[in-house]
Structures are given as C-alpha cells and as structure tokens.
Amino acid sequence: MAANVATSGSSGKKRGQIRPLRPNDLPQVAALYERVVRSGATPPPAGLLDDLERMFVASPCIDPPIPSLVYEDADGLIAGFLGIYVRQMQLGNTSIRMACSGQLVVDESSRSRGVAVFLMRTYLDGPQELSITDGASVTVARLWERLGGQTCHLRCLQWTRTLRPFSRFIQAVGRASAIGKPVAAFGQPFACLCDSASQPFMPRFKNTPGLTTCELRVSDMVETWDAITTKCPLKMEYGETYLNWLFGELRRIRSRGRLHAQSVNNRLGETLGWFIFYERDRGRATLLQLIAKDGWMDDILNSLFQYTADLGCAAISGRLEPELAEAVRGAGCELQFGSARSLIH
C-alpha cells in the first residue's frame, strides 16, 4: 500500500509518498506528534515513543493489510501520520474487519499539499469492510464526508446524570477559569454538606432487589458476551488476549482518573451486564461501556448510578448509544451535543 503525492518545489515537481508505518519510523512520528499536537517542543518524551510502539507495533490486534500510515516527503522525512486500529467484528454470522482511525497529524509545512486528504483516502480505500473514527473535529468530519462517509449524529450526543448537584456546580466553577479554582477548593466542603442534606429530596434509583455488583473479570466477559449480545446485529469479537491488553492500556491513562469495571449479577450469580467507567477526583465519572442482557438495561443503568453515587461522584456522563436511549430518557438525564464527532464509512 503506497500512494505518490505530487508536491511542487523550487526545483520543479517532487514526490512524497503515503506508505505503511514501519517500526523505525516511530522516533520521527513521536517527534511530529509532540511538535504538532502536544507541547510544540522537541525531542519528545521517552514515554510517548513507548506509547506509540505499544499501540501501533506491539498491539495484539495489528492487521498487516490495514496498517497505520505515514506521509514521507521528498527528502525522506515523516511529515504526516494516521494511526489505525483494527478490530474483528461480527455482522450476524459473518466475521468482518473494522478499522478505526485515530491520530491524524500533519506537519504545518505539508498541510497545503493536501497530505491529510491523501492519508484519509488511502485509509478509506483499504480492505476493511467498515471504517470509523471517534472524537473527530469539525475539519476531519468535513473531510470524511467529502470522501463518502457520514456523521453518526445520535452518537455525537452526550447524556449526563447529576448525582450531587452542589458539588457539580462548584466543580463547574473551578473549571471555568483560573480564578474559579481557589473558589471551588474553598467551597467544596460546603457543597458536600449541602449535597448530604439534600439527598432525601433527590430522585431515588429504582434498584431491583437481589442484584449485586462485583469486580468484572475478563473471563466472565468472554464467556457471557454472546449470550448478552444476542440482539446486537453488529458486535465486537472479544478474546482474552485482546481484553487483557485493552484493560492494561486503559489503566495506563492516569489523566482520565481511576478505572472501574463492575459486573451486575442476579441471586444465582448469573451475569446480567456490566459497566466500565473512569472516576476523576470524586467529581465527574465518564462511562466507557455499559452492556445489558435483553430486558435489563434499566436495571444495569440504575446500578451504575447507585455505584457512582456511593463513590461520591458529582455526575456521570456518557455517549448516547442507540440501545441506551430509552433508558437514559426515563432516568432524568440531560442531553447535549459533545464537541467531538463520531463518523462512519
């Protein structure tokens, strides 16, 4: 997989190329990423190079026919990068490949040459049956749609359930400006007292008797996945190797907070579903995944609310997946468009 990109220079026409990422490209990719997306400085920290190697070279779900891509300019320097992750999916009884594009980085000196377009078009022309990207900017969304993709507007919606209103308000004050941070630090103890006093007047969660939560195990996810997702027309193919790697990566991201993964079981110990989320500083919790057996979505969602409320979280938010829409609607949640976009091709 390689594509020539014509660029003009003082000595006439030169050609760069789009080609698959090679392991020895990673130092240049790390330097490009640090310079364009992060601090603007060079050289990049050693940890960034390690992260890129784990994600794009050593990951258990590397698929050589669908590689991450780089743009190598006419001088042999890496001036563009598109990170690509591949997942095995099931569409009915058919196994398909889904490619997810992540980091799209182009050096400022190469942007006028349409490098981002060539990277994206090469990716979308790959052998995968389904292409997606998540968290896209407005610019990427426009580029994606011009290349035949579309925006999943429902998945661009975010829902939020307030659990402790006074704490949520004071934390919003702290995030609003630098002046707000000391105000929030001073006001947080009073907000906690007000939240405790207001709990009897807050809407109660309709928890089903007999349901319990416990630490979610990878083996339980693999064993119960097919039974829980019988009505999902398109779903992931989960395996223990991939899940163990994935949870290891999720726990590495300390900036998002502490990772919680809980299964919800009935009196017989049967797994009815689970939820996975990040908790940040007893403030806002962010849901990563909520899975429920048919007919148990409301119960799993309420178990999530109760669990995060017991942790002392001020609010929990997540993306509005189609299967969650009705349960979220009846749970007193707020809806708003997020800044990032979910795209499909």
Side-chain angles (χ1 to χ4, degrees), residues 1-5 16-34 36-38 48-72 78-89 91 95-107 110-111 114-137 139-152 155 234 236-239 241-243 245-246 248-250 252-253 340-345:
M1 176 190 292
N4 290 330
V5 181
Q17 65 169 335
I18 305 293
R19 61 166 176 80
L21 172 75
R22 301 168 186 156
N24 59 3
D25 294 328
L26 289 178
Q28 285 196 65
V29 171
L32 175 68
Y33 191 76
E34 183 73 20
V36 175
V37 177
R38 293 171 46 133
L48 177 58
L49 184 60
D50 292 340
D51 290 343
L52 292 172
E53 183 175 12
R54 288 198 320 275
M55 297 301 295
F56 302 112
V57 175
S59 164
C61 45
I62 293 294
D63 192 336
I66 311 173
S68 294
L69 301 170
V70 297
Y71 167 66
E72 182 181 25
I78 303 301
F81 170 69
L82 179 60
I84 298 172
Y85 315 84
V86 181
R87 302 289 183 265
Q88 294 296 318
M89 306 288 289
L91 180 61
S95 180
I96 68 170
R97 287 175 297 181
M98 178 183 75
C100 177
S101 64
Q103 297 87 342
L104 174 60
V105 189
V106 178
D107 188 74
S110 298
R111 291 176 191 173
V115 169
V117 177
F118 283 105
L119 283 166
M120 192 67 71
R121 189 168 66 186
T122 304
Y123 156 60
L124 293 177
D125 286 344
Q128 67 271 14
E129 288 79 14
L130 174 65
S131 303
I132 68 167
T133 191
D134 207 10
S137 65
T139 302
V140 172
R142 288 173 180 166
L143 171 60
W144 187 279
E145 290 175 348
R146 287 172 185 168
L147 293 172
Q150 56 187 296
T151 300
C152 299
R155 285 187 167 90
L234 178 66
M236 290 278 294
E237 290 183 356
Y238 276 161
T241 299
Y242 166 70
L243 286 173
W245 172 84
L246 178 61
E249 292 302 313
L250 291 173
R252 285 179 184 271
I253 310 175
R341 287 154 180 80
S342 182
L343 312 174
I344 190 169
H345 189 286

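With rounding to the nearest 0.5 angstrom, the CG atom of Leu48 is 12.0 Å from the CD atom of Glu53. Thr122 contributes atom OG1, which lies 9.0 Å from atom CG of Leu82 (distance to the nearest 0.5 angstrom). From Thr133, atom OG1 reaches atom CD1 of Ile344 across 11.5 Å, with rounding to the nearest 0.5 Å. Between atom CZ of residue Arg155 and atom CG of residue Leu343 there is a gap of 12.0 Å, rounded to the nearest 0.5 Å. To the nearest 0.5 angstrom, Glu237 atom CD is 8.5 Å from Met89 atom CE. The CD1 atom of Ile66 sits 15.0 Å away from the OH atom of Tyr85 when rounded to the nearest 0.5 Å.
Under the rule for a side chain to side chain donor-acceptor pair (under 3.5 Å), the partners of Ser131 that lie at least two apart in sequence or sit in another chain are Gln128. Asp134 pairs by the side chain to side chain donor-acceptor pair (under 3.5 Å) definition with Arg319, not counting sequence neighbours. Residues that satisfy the ring pair (Phe, Tyr, Trp, His ring centres under 6.0 Å) test with Tyr242, not counting sequence neighbours, are absent from this structure. Residues that satisfy the side chain to side chain donor-acceptor pair (under 3.5 Å) test with Glu129, not counting sequence neighbours, are absent from this structure. Considering only residues two or more places apart in sequence or on other chains, Tyr238 meets the ring pair (Phe, Tyr, Trp, His ring centres under 6.0 Å) condition with Trp225.
At least one side-chain heavy atom of Asp63 sits under 4.5 Å from a side-chain heavy atom of Gln88. Tyr71 places none of its side-chain heavy atoms less than 4.5 Å from the side chain of Val106. Contact annotation: the side chain of Met120 approaches that of Val140 to within less than 4.5 Å [non-hydrogen atoms, C-beta and beyond].
Under 4.0 Å is where a charged nitrogen must lie from a carboxylate oxygen, and between Arg252 and Glu249 at least one such pair does.
Between Leu124 and Trp144, the shortest heavy-atom contact is CD2-CH2, 3.9 Å. What you find for Leu69 and Tyr123 is that their closest heavy atoms are CD1-N, 3.7 Å. The two residues Thr241 and Pro60 have their closest heavy-atom pair at CG2-CB, 4.1 Å. Nearest approach of Gly149 to His345, heavy atoms of both residues: N-CD2, 3.4 Å. What you find for Cys61 and Arg87 is that their closest heavy atoms are SG-NH1, 2.9 Å. Smallest separation of non-hydrogen atoms from Phe56 and Gly83: CE2-CA, 3.5 Å.
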Do any side-chain atoms of residues 24-34 form donor-acceptor pairs under 3.5 angstrom with protein atoms, and if so which ones, sequence neighbours left out?
unit_1, atom_1, unit_2, atom_2, d
Asp25, OD1, Arg19, NH2, 3.0
Asp25, OD2, Arg19, NH1, 2.8
Asp25, OD2, Arg19, NH2, 3.4
Asp25, OD2, Arg22, N, 2.8
Gln28, OE1, Ile78, N, 2.9
Glu34, OE1, Arg38, NE, 2.8
Glu34, OE2, Ser39, OG, 2.5

